[in-house]
There are 2 protein chains.
Amino acid sequence: MAKRDKDAGQRGRANGRRAGDRGHYGRLSRERVLATALELVDREGLSALSMRRVGAELGVEAMALYRYARSKDALLDGLVEALYLELEDDLADTDATRVPVADGPAWRAELHRIAQATYRVALAHPHVVPLLATRMLAVPLARRPLAVLKDHERVLTLLEEQAGLDEKGASAAFRAFSSWVLGYIFVELRAMVDNPEEPDPAFRLGLHRMPAQELPRLRRTAPSLAEHGGVRGLAAGLDALLDAELGRP
Amino acid sequence: MAKRDKDAGQRGRANGRRAGDRGHYGRLSRERVLATALELVDREGLSALSMRRVGAELGVEAMALYRYARSKDALLDGLVEALYLELEDDLADTDATRVPVADGPAWRAELHRIAQATYRVALAHPHVVPLLATRMLAVPLARRPLAVLKDHERVLTLLEEQAGLDEKGASAAFRAFSSWVLGYIFVELRAMVDNPEEPDPAFRLGLHRMPAQELPRLRRTAPSLAEHGGVRGLAAGLDALLDAELGRP
DNA sequence: GCAAAATATTTACGATGTATCCGTACATTT
DNA sequence: AAATGTACGGATACATCGTAAATATTTTGC
């Protein structure tokens, strides 16, 4: 893709912008469009994302975006891509906080590092996370953004090359890894608080709305349920799954 | 559309239906609306779901639906509810195929039964599954459909009452259980096939679209990755997680 | 049979995704 | 420097969407 602009050579010189008068910010670009869309979604949620809105944010008509995303769905895929690009950065950053990693082989630690980076990036953009479900169901593997595929490749390589699994085993482990990380993130992001103002925990959770007769346990346990498992919980489950998938460390 | 007959006479006693000519089926009801919406989504996907469309399907104007769902979002929540109601039925059905359950305490088998029933119901309505992510992020616990909460209650009760966990422990186990089941279903539903017509597996997956240089492993492993883990995989991971969360059986 | 309540229709509005056509400013060639 | 091709963004238009408000119709209770 992106194969037509032959020159691309410098196009306005350096920055002497002055086109139409629309752009205090110079020309559009896929990066600029995606960054703006991501910002908007982070700020106001997925439902605020419309072509016109993103256009406005960029000082441009909605139709101008179609040069950089062939449809709104493509824009959504772009958001997913942006997320995975951020993940790549995060992983390249060697300083990235690496939290509680049980000892064991290097590939295991690396899987934890990936899982935790994914967790961090996802929590940083909660409104984008639903797209991880939606778009992955809509877009077949081979058509997913490159950044997504590179992430898959990275995990697969660890499993096949370093953990020494064969194709079958690596596939199973890969599925388990993805399922756990994704599911964990979703559950962590589920809305729990009903009324953030309220100081009393029970009211904050809106427990008074739940029929006490039928849901005694849930009512009692809800406050504890509302807490986050954090990276600890993520790591614990991952270890459990890896142990089962490949034998203990 | 269809607005000609003014007569509309009385619309039938008992069942001698004959109203307007809209309703071969009598009055609207929440159940009818949800069932129709679910059918439509199963048949044509989430994007085909619009108030007007559901209305048309029922021989009714779009606005008529608003008596049974206060907004489109509420309708979506209704679909989630419908899914969980089906799950309840499935679980009540003692004949429901209970597949490979490791031996161990009864509550463990029961958790497997719930997981597998959830899996079955979800795979039966793949287009609805994204809503499990979307709506759960949008609707706080206390406002979720009763059927959803009853499912939570059921799992929690098993963990606290039968497995003997305290609140903290049960919460952690509950989160692990939900994460795994949900994540597993999502990964299982991810689109893999690019071109269903194609007989050759590699082409069917559209592997020729993926850059070979950067993704050698993924290309090689994709066919195996495209296979389903099925209930076996679901059960295996669940056992691993439960072992870790409560000690081996 | 009739008033009251429940249910469905009409009409209307603003927002959305996107197809199509048009202008314009720059890059390259002459 | 003038001409020209082309990438880029704007303008306009349309079908569809969710839904508020007012209206019409049917059902129900007495």
Side-chain angles (χ1 to χ4, degrees), chain A residues 1-30 32-33 36-37 40 44-78, chain B residues 1-33 36-37 40 44 46-78:
Chain A
M1 66 214 18
K3 201 9 39 325
R4 72 204 7 162
D5 69 333
K6 64 197 2 12
D7 106 295
Q10 41 65 277
R11 43 213 344 173
R13 72 212 72 93
N15 82 356
R17 287 274 66 282
R18 244 235 86 287
D21 87 334
R22 163 205 101 259
H24 327 52
Y25 296 107
R27 277 279 234 325
L28 283 180
S29 73
R30 184 167 164 84
R32 243 151 66 67
V33 170
T36 305
L40 175 61
E44 307 193 27
L46 258 185
S47 62
L49 184 75
S50 78
M51 302 303 272
R52 290 182 228 258
R53 196 77 202 296
V54 175
E57 209 98 349
L58 284 160
V60 143
E61 297 298 312
M63 291 310 292
L65 305 177
Y66 280 77
R67 195 170 308 278
Y68 306 96
R70 285 200 304 292
S71 68
K72 190 187 181 182
D73 277 349
L75 213 193
L76 296 179
D77 291 336
Chain B
M1 63 205 19
K3 199 5 41 338
R4 72 217 51 277
D5 67 332
K6 60 172 28 357
D7 107 297
Q10 41 65 284
R11 64 205 324 161
R13 66 226 88 37
N15 85 357
R17 292 270 64 284
R18 240 227 100 285
D21 86 333
R22 164 200 101 259
H24 325 50
Y25 297 109
R27 276 273 238 326
L28 245 35
S29 74
R30 184 166 163 83
E31 289 69 40
R32 243 151 65 66
V33 169
T36 305
L40 176 60
E44 306 193 28
L46 258 187
S47 61
L49 185 76
S50 78
M51 301 303 271
R52 291 183 227 259
R53 196 76 203 296
V54 175
E57 210 97 350
L58 285 159
V60 143
E61 296 301 311
M63 291 309 293
L65 305 177
Y66 279 77
R67 192 171 309 279
Y68 307 96
R70 283 198 305 292
S71 67
K72 190 187 180 182
D73 276 350
L75 213 193
L76 296 179
D77 292 336

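We name chains A, B, ... by the order of the sequence lines, and we start the count at 1 in each one.
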Check your understanding: Base, backbone or nothing for each nucleotide of nucleotides 16-21 of chain D, written B, S, -, heavy atoms under 4.0 angstrom, 5' to 3'?
Key -> -BBBBB

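Atoms CG and OG, on A:Leu65 and A:Ser50 in that order, are 9.5 Å from each other to the nearest 0.5 Å. Remark: B:Leu49 CG to B:Lys72 NZ distance equals 5.0 Å, nearest 0.5 Å.
Among pairs with a residue in residues 47-59 of chain B, those fulfilling salt bridge (Lys or Arg N to Asp or Glu O under 4.0 Å) read B:Arg43-B:Glu57, B:Glu44-B:Arg53, at least two apart in sequence or across chains.
When all heavy atoms are compared, the tightest approach of B:Ala37 to B:Leu75 is CB-CD2, 3.8 Å. Residues B:Leu28 and B:Val33 approach most closely at CG-CG2, 4.2 Å, considering heavy atoms.
Within 3.5 Å, no donor on the side chain of B:Arg67 pairs with an acceptor on the base of C:dA6, nor the reverse.
Distances from the side chain of B:Glu61 to the nucleotides D:dT27, D:dG9, C:dT10 place C:dT10 closest.
The CG atom of A:Leu76 sits 14 Å away from the P atom of C:dT16 (whole-angstrom rounding). Rounded to whole Å, atom P of C:dT9 lies 10 Å from atom CG of B:Leu58.
Among the atoms of the strands shown, only primed sugar atoms or phosphate atoms (P, OP1, OP2) are found under 4.0 Å from some heavy atom of A:Ala64.
Shown here are the salt bridge (Lys or Arg N to Asp or Glu O under 4.0 Å) partners of A:Arg30, two or more places apart in sequence or in another chain: A:Glu81.
B:Tyr68 has no side-chain polar atom (N or O) that falls below the 4.0 Å cut-off from OP1 or OP2 of C:dT7.
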